[in-house]
Asker: 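My questions all concern the structure below.
Side chains included, hydrogens not; waters and symmetry mates left out as well; all remaining heavy atoms used. Only a predicted model underlies this, so the values are computations on that prediction, with no experimental measurement involved.
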Amino acid sequence: MKPFVLLASRAEDKAADGEYAAMLRYGGLRPQDLRRIRMEAGPIPALDLDEISGILVGGSPFDASTPEEDKSPTQRRVEEEVAVLLDDVVDRDLPFLGACYGVGTLGVHQGGVIDRTYPEPIGAVTITLTAEGRADPLLAQVPDTFDAFVGHKEACTVLPPTATLLASSATCPVQMFRVRQNLYATQFHPELDVDGIITRLGVYREYGYFRPVDHDVLAERARRSHVWAPPLVLAAFVRRYAVDA
């Protein structure tokens, strides 16, 4: 099959490697089926979009809503490169699934408002599908409501005019949307399981997602969570868009 590409931007190896492993595991992919590009480490190499099945985007410490003057040179470079890439990806309607940072990248590119109105601490929340989400093929195997892991400082407050809302939560109105037919963004993490969120709680303890003193409480809540449906979204994306070489 033609490989998928994972655009990653986590500088911490433990979190980055865990994310990649989870994408492989829940996507049912072999290492040769998922090419990882660590955008924080250097410029995005030229991609022949005719030779890939689609693009996955992982979570990121970068926030689109950070004032421009406060962004690091690395973040500004990554945002510029991703915007140029998305010009072609959206024009082609190339399969795209962005988890968490996907809302910031695809949402900004398509004219949505990304700000800090609806942050959610690291943990599980209940997601509810819209009528359009219930009809979407990527969500065919998930129930109308399900629990998913989140953890973000910013979210989409105003949906892009080109987007269809697929899922929401009580604490964050935009949990998943689709642009055109094949481009998706989720605020929740379809690749994240209990082990993964425990790892991230440790890695990002001092990053402002939660009070460090709350680490143990959040970890225990995560262990008691019943999160099983979100990986079905990732698996459905891979099944739907994998292209034979």
Side-chain angles (χ1 to χ4, degrees), residues 1-10 19-20 23 27 33-115 132 136-138 152 154-166 174-187 190-191 233-234 237-238 240-243 245:
M1 62 174 282
K2 294 181 180 180
F4 288 86
V5 170
L6 171 62
L7 298 179
S9 55
R10 299 183 186 277
E19 178 180 74
Y20 179 59
M23 292 286 190
D33 298 329
L34 184 60
R35 176 188 176 190
R36 176 170 57 161
I37 297 173
R38 293 187 64 168
M39 299 184 292
E40 88 291 348
I44 300 175
L47 293 174
D48 185 346
L49 300 184
D50 291 326
E51 294 303 318
I52 64 174
S53 288
I55 292 175
L56 297 168
V57 174
S60 176
F62 300 148
D63 289 320
S65 60
T66 298
E68 197 66 23
E69 63 272 17
D70 294 334
K71 293 178 181 177
S72 69
T74 298
Q75 179 173 351
R76 290 196 293 270
R77 172 186 59 77
V78 168
E79 288 180 347
E80 291 169 2
E81 292 173 351
V82 169
V84 171
L85 177 61
L86 280 173
D87 287 343
D88 288 339
V89 168
V90 174
D91 184 61
R92 289 170 174 249
D93 199 14
L94 183 82
F96 175 97
L97 176 60
C100 198
Y101 191 46
V103 169
T105 54
L106 186 59
V108 167
H109 185 272
Q110 291 296 292
V113 175
I114 309 298
D115 62 25
E132 291 81 4
D136 192 275
L138 254 61
H152 53 97
E154 64 179 13
C156 183
T157 300
V158 179
L159 197 67
T162 57
T164 299
L165 182 65
L166 302 179
V174 179
Q175 284 285 352
M176 184 174 183
F177 65 80
R178 185 187 68 239
V179 170
R180 302 190 69 179
Q181 294 300 309
N182 302 315
L183 299 109
Y184 296 85
T186 67
Q187 190 63 73
E191 86 291 355
V233 179
L234 176 56
F237 179 82
V238 171
R240 182 172 177 81
Y241 295 116
V243 176

Asker: Would T74 and R77 count as a side chain to side chain contact (heavy atoms under 4.5 Å, CB included) if you check the C-alpha gap in whole Å, the side-chain angles of each, and the deciding distance to 0.1 Å?
Answerer: CA-CA 5 Å; T74 298; R77 172 186 59 77; 3.7 Å; yes
Asker: Might you work through the side chain to side chain contact (heavy atoms under 4.5 Å, CB included) test for M23 and L97, ending with a clear yes or no?
Answerer: CA-CA 11 Å; M23 292 286 190; L97 176 60; over 6 Å; no
Asker: So, the side chain of D63 versus the backbone of S65: is there a donor-acceptor pair under 3.5 Å, distance only?
Answerer: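 Flag not set: sc D63 to bb S65 has no pair under 3.5 Å.
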Asker: With a 4.5 Å cut-off on side-chain heavy atoms, are Y184 and L106 touching?
Answerer: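 Not in contact.
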Asker: Can you sort out the partners of D91 under salt bridge (Lys or Arg N to Asp or Glu O under 4.0 Å), two or more places apart, ordered by chain and number?
Answerer: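 Salt bridge (Lys or Arg N to Asp or Glu O under 4.0 Å) check on D91 returns nothing, list empty.
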Asker: Apply side chain to side chain contact (heavy atoms under 4.5 Å, CB included) to residues M176 and V233 and explain how you reach the verdict.
Answerer: CA-CA 11 Å; M176 184 174 183; V233 179; 4.1 Å; yes
Asker: Using the ring-ring contact (aromatic ring centres under 6.0 Å, His included) criterion, which residues pair with Y20? Sequence neighbours excluded.
Answerer: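 By the ring-ring contact (aromatic ring centres under 6.0 Å, His included) rule, Y20 matches no residue at all.
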Asker: Provide the closest heavy-atom pair for G27 versus V238 in the form atom of the first, atom of the second, distance.
Answerer: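 G27 and V238 have their closest heavy atoms at O-CG1, 3.4 Å.
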Asker: For the atom pair CZ (F96) and CG (N182), what is the distance rounded to the nearest 0.5 Å?
Answerer: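 If we round to the nearest 0.5 Å, F96:CZ and N182:CG are 12.5 Å apart.
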Asker: side-chain contact (heavy atoms from CB on, under 4.5 Å) with R35: which of L47, L7, I52?
Answerer: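 Result: among L47, L7, I52, L47 is the only option passing the side-chain contact (heavy atoms from CB on, under 4.5 Å) with R35.
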Asker: Could you pull out all residues at least two apart from L165 that satisfy side chain to side chain contact (heavy atoms under 4.5 Å, CB included)?
Answerer: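 Residues passing side chain to side chain contact (heavy atoms under 4.5 Å, CB included) with L165: T130, L159, V174.
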Asker: Could you pull out all residues at least two apart from R180 that satisfy salt bridge (Lys or Arg N to Asp or Glu O under 4.0 Å)?
Answerer: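 R180 satisfies salt bridge (Lys or Arg N to Asp or Glu O under 4.0 Å) with no residue once adjacent residues are dropped.
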Asker: Can you find a heavy atom in the side chain of R36 that is under 4.5 Å from one in the side chain of R38?
Answerer: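 R36 reaches R38 side chain to side chain.
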Asker: Which residues pass the side chain to side chain contact (heavy atoms under 4.5 Å, CB included) test with P161, sequence neighbours left out?
Answerer: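 Once residues adjacent in sequence are excluded, P161 has no partner under the side chain to side chain contact (heavy atoms under 4.5 Å, CB included) criterion.
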Asker: With salt bridge (charged side-chain N to carboxylate O under 4.0 Å, His left out) as the criterion, how do D48 and K2 come out once you've worked through the C-alpha distance, each side chain's angles and the decisive distance to 0.1 Å?
Answerer: CA-CA 11 Å; D48 185 346; K2 294 181 180 180; over 6 Å; no
Asker: Would you sort out whether K71 and E79 count as a salt bridge (charged side-chain N to carboxylate O under 4.0 Å, His left out), showing the intermediate values?
Answerer: CA-CA 10 Å; K71 293 178 181 177; E79 288 180 347; 2.8 Å; yes
Asker: About how many Å separate CD of Q110 and SG of C156, when rounded to the nearest 0.5 Å?
Answerer: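 One gets 11.5 Å once the value is rounded to the nearest 0.5 Å.
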Asker: Identify the heavy atoms of A64 and G104 that sit nearest to each other, and give their distance.
Answerer: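 Nearest pair, atom of A64 first, then G104: CB-O, 4.3 Å.
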Asker: Check the side chains of D87 and H109 for a donor-acceptor pair under 3.5 angstrom, ignoring hydrogens and angles.
Answerer: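 Per modelled atom types, H109 and D87 side chains form a pair under 3.5 Å.
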Asker: How long is the gap from CG on L34 to CG on L6, to the nearest 0.5 Å?
Answerer: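 Between atom CG of L34 and atom CG of L6 there are 5.0 Å.
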Asker: With a 4.5 Å limit on heavy-atom distance, are the side chains of L49 and L85 in contact?
Answerer: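 SC-SC contact between L49 and L85 confirmed.
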Asker: Please report the interatomic distance CD(E132) to OG1(T164), rounded to the nearest 0.5 Å.
Answerer: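 That separation rounds to 6.5 Å.
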Asker: If only atom types and distance count, is the side chain of Q181 paired as donor or acceptor with the main-chain N or O of D93 below 3.5 Å?
Answerer: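 No, because the side chain of Q181 does not come within donor-acceptor range (under 3.5 Å) of the backbone of D93.
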Asker: Throw together a table of side-chain donor-acceptor distances under 3.5 angstrom for residues 55-62, partners on residues two or more places apart or in other chains.
Answerer:
from: S60; atom 1: OG; to: S9; atom 2: OG; distance (Å): 2.8
from: S60; atom 1: OG; to: F62; atom 2: N; distance (Å): 2.9

Asker: Under 4.5 Å between any side-chain heavy atoms of P43 and E81, yes or no?
Answerer: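 Yes, their side chains come closer than 4.5 Å.
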Asker: Locate the shortest heavy-atom distance separating F177 from A163; write the atom from each residue and the value.
Answerer: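 So the two residues come closest at CD1-CB, 3.7 Å.
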